[in-house]
Amino acid sequence: MRIFNTLTGQEEEFQPFQNHHVRMYTCGPTVYNFAHIGNFRTFVCQDLLRRWLLYRGYRLTHVMNVTDVDDKTITNAKAAGLSLKDYTTRYADAFFEDCRHLRLQQPEVIPYATDHIEEMVQLVEKLMEKNLAYRQNGSIYYRISAFTNYGRLSRLDPSQLQIGHSIEADEYSKDNPRDFVLWKAPKDGEPYWETRIGPGRPGWHLECSAMSMKYLGETFDLHCGGVDLIFPHHENEIAQSEGATGRTFVKYWFHSEHLLVNGERMAKSKGNFYTLRDLLEKGFDSIAIRYLLLSTHYQKPLNFTLEGVGQATGALQTLKNFLLLARTCRQAPSDNPRVVDIAEHRLRQFESAMDDNLNISAALAAVYDARYDLNAIAESQGLSSADREKVLLLFQKFNSLLDVLDFEADVITDAEVLQLIEERGAARRNHDFMRADEIRAQLLQRGIALEDTRDGVRWKRTR
RNA sequence: GGCGCCGUACCCAAGUGGUAAGGGAGAGGUCUGCAAAACCUUUAUUCAGCGGUUCGAAUCCGCUCGGCGCCUCCA
């Protein structure tokens with residue numbers, strides 16, 4: 001498979017260091033509030049990547065950190081009158097609940113920053129020994145002028161960087177304003193840790209270097225995040241890690257583009273700021289949102305609109321209707337050789353699209369083409385048992401990547417509903433269409449849609 | 001000021017030199033007691049605009065217009 005590597009600015013053949021084992025790190029959430037839909041676009045892209053690696057048979061060790069100490073978590077916890085731990089636990093729980101709604105697979109390891117202070121201290125000690133870090137007013141800074149590769153990932157020339165406007169008071173004492181903080185001196189009323197490098201708390205970049213190397217080794221295959229993390233976060237991670245170890249930190253850098261809402265950057269002030277919760281409360285389906293978020297290539301901006309969620313819902317419905325037909329269509333007396341041909345052809349099309357830098361649009365086209373081809377057969381001739389299995393297996397393969405379809409047999413157990421379906425059938429046979437339509441409308445209100453086919457009545461849930 | 005991305009139908013979107021995939025929505029039709037589903041037909045002589053290279057350009061080059069991102073809070 002080929003994948004775009006931010007480090008080289010090119011698409012490259014993916015070849016992990018250890019042949020069959022991929023080690024991957026993703027920058028996880030900072031748990032200071034509910035994650036928004038833009039955050040989840042990134043996590044859905046990473047979910048697609050991880051699922052494709054698994055599909056291709058790699059053993060995967062995926063680490064995603066949780067940042068549970070930083071300026072925002074501290075400020076918000078204080079405002080909420082909670083301890084830092086109580087506050088961040090609340091939002092970490094909410095985050096993982098949202099992840100389940102979006103069917104994001106759990107990474108193998110989910111380390112929390114506050115559980116890894118010792119590893120971070122060790123990393124700072126190494127950087128101090130190598131004279132890549134210096135102490136200033138109780139804080140410790142990274143000396144970027146001592147790291148020659150600084151700016152390679154982001155293609156920024158350190159000497160060209162403008163100095164930001166929001167430099168904190170204590171940072172005026174840095175040797176170079178562009179140096180970044182590794183360890184922050186304690187402030188009044190803020191949490192801090194007593195450590196060998198002095199009291200304080202970690203800077204933002206430090207945790208990712210310390211935790212990724214702890215769980216994946218000093219050199220690993222993939223590091224993921226949103227494009228906004230390229231600079232400074234990932235640039236600084238490289239400086240910290242490679243500065244400390246002298247070895248290549250990461251082989252492939254995977255960055256996903258941002259999500260816009262109605263063509264604009266999402267911002268609370270613009271009134272276009274959505275959390276997943278907002279959308280679910282408005283009655284949108286979390287699976288349709290997953291579908292929408294995964295259906296645009298990760299390197300392209302995704303313009304999120306409520307109309308788009310509606311379109312995604314419609315597209316999913318087409319696939320669900322097909323699966324219903326595939327399960328319930330007439331039993332054919334013998335196998336149809338075209339079924340296996342179609343399945344193999346469309347699967348190949350799907351796989352080569354995904355191998356091509358996760359070309360999800362082309363992969364989805366293969367899914368819909370398969371649906372179209374197989375639908376015609378199921379509709380006109382029915383399917384033999386073996387062919388039915390093949391069709392369902394094909395879509396299960398597609399779904400191992402997409403995870404937007406359900407395959408468990410859905411049965412109605414409610415005796416009253418079954419009774420009504422029965423009664424409607426009798427009414428239709430007696431040409432009492434008033435009564436039949438009345439029952440159909442009644443069931444629709446309960447979320448069950450009835451469809452009359454030449455092979456009898458068929459039903460599906462509408463919610 | 002520096003670096004980078006994007007512009008394909010009503011909407012989303014693939015395609016990076018060989019004559020415009022796929023999805024949604026709309027219109028007409030077939031089937032149906034009516035629906036629904038499905039199927040058929042239909043919606044870009046054209047890819048922001050203008051020039052150039054080429055037998056051939058949405059694809060390559062140049063310019064123009066429009067939108068977006070990063071440059072120490074950020075997914």
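Within every chain, numbering begins at 1; the chains are lettered A, B, ... in the order of the sequence lines, protein sequences first and strands thereafter.
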Under 4.0 Å, counting only non-hydrogen atoms across every strand here, what does [X] touch: a base, just sugar-phosphate, or nothing?
| X | value |
| --- | --- |
| A/Arg424 | base |
| A/Leu259 | base |
| A/Asn359 | sugar-phosphate |
| A/Leu324 | nothing |

Polar atoms only, N or O, under 3.5 Å: list the protein pairs with nucleotides 57-60 of chain B and their distances.
none

Mark yes or no for a side-chain to base donor-acceptor pair under 3.5 Å between [X] and [N], with no hydrogen or angle criteria applied.
| X | N | value |
| --- | --- | --- |
| A/Asp228 | B/rG69 | no |
| A/Arg458 | B/rA37 | no |
| A/Asp70 | B/rC73 | no |
| A/Arg428 | B/rG33 | yes |

Selection from [options] that lies nearest to any side-chain heavy atom of [X]:
| X | options | value |
| --- | --- | --- |
| A/Met266 | B/rA75, B/rU72, B/rG33 | B/rA75 |
| A/His36 | B/rA75, B/rU72, B/rC34 | B/rA75 |
| A/Asp452 | B/rC71, B/rC3, B/rA35 | B/rA35 |
| A/Lys300 | B/rA75, B/rU72, B/rG7 | B/rG7 |

Electrostatic pair [X]:[Y] at N-O distance under 4.0 angstrom:
| X | Y | value |
| --- | --- | --- |
| A/Arg428 | A/Asp452 | yes |
| A/Asp71 | A/Arg201 | yes |
| A/Arg346 | A/Asp369 | yes |

Item to check | Passing option when A/Asp98 is tested against A/Arg103, A/Arg277, A/Arg290 for salt bridge (Lys or Arg N to Asp or Glu O under 4.0 Å) | outcome: A/Arg277

Pick out the pairs of N or O atoms, protein on one side and nucleotides 19-23 of chain B on the other, that lie under 3.5 Å.
residue	atom	partner	partner atom	Å
B/rG23	N2	A/Gln311	OE1	2.9

Item to check | Full working for side-chain hydrogen bond (donor to acceptor under 3.5 Å, both in side chains) between A/Asn65 and A/Thr67 | outcome: CA-CA 6 Å; A/Asn65 71 300; A/Thr67 301; 3.2 Å; yes

Item to check | Any strand: nucleotide that pairs with B/rG7 via Watson-Crick or wobble, under 3.5 Å | outcome: B/rC65

Checklist entry - Given that both distances must come in under 3.5 Å, which nucleotide forms a Watson-Crick or G-U wobble pair with B/rA27? => result B/rU41

Side chains of [X] and [Y], heavy atoms from C-beta outward: is any pair under 4.5 Å?
| X | Y | result |
| --- | --- | --- |
| A/Phe95 | A/Phe40 | yes |
| A/Trp253 | A/Cys224 | no |
| A/His36 | A/Leu276 | no |
| A/Tyr134 | A/Tyr142 | no |

Separation of [X] atom [atom1] from [N] atom [atom2], in whole Å?
| X | N | atom1 | atom2 | answer |
| --- | --- | --- | --- | --- |
| A/His234 | B/rU72 | NE2 | P | 17 Å |
| A/Phe322 | B/rA36 | CZ | C1' | 18 Å |
| A/Glu235 | B/rC3 | CD | C1' | 13 Å |
| A/His297 | B/rG7 | NE2 | P | 13 Å |
| A/Glu307 | B/rC11 | CD | P | 9 Å |
| A/His223 | B/rA75 | NE2 | P | 13 Å |
| A/Leu104 | B/rA75 | CG | C1' | 13 Å |
| A/Phe304 | B/rA75 | CZ | P | 18 Å |

Which heavy atom of [X] sits nearest a heavy atom of [Y], and at what distance?
| X | Y | answer |
| --- | --- | --- |
| A/Ile3 | A/Leu49 | CD1-CD1, 3.7 Å |
| A/Thr42 | A/Gly226 | CG2-N, 3.9 Å |
| A/Asn149 | A/Glu235 | O-OE2, 4.1 Å |
| A/Gln240 | A/Leu182 | NE2-CD2, 3.3 Å |

Next on the checklist: Assuming nearest nucleotide by heavy-atom distance, tell me which of A/Ala376 and A/His233 is located more 5' along RNA chain B.
Outcome noted: A/Ala376

Item to check | Nearest-nucleotide 5' precedence on RNA chain B, A/Gly308 against A/Thr30 | outcome: A/Gly308

Checklist entry - In whole Å, what separates the P atom of B/rU32 from that of B/rA27? => result 23 Å

Item to check | N/O donor-acceptor pair under 3.5 Å between A/Asn5 side chain and A/Gln10 backbone | outcome: no

Enumerate all atom pairs, one protein N or O and one N or O from nucleotides 66-68 of chain B, separated by less than 3.5 Å.
none

Checklist entry - Does a nitrogen or oxygen in the side chain of A/Asn375 sit under 4.0 Å from OP1 or OP2 of B/rC39? => result yes

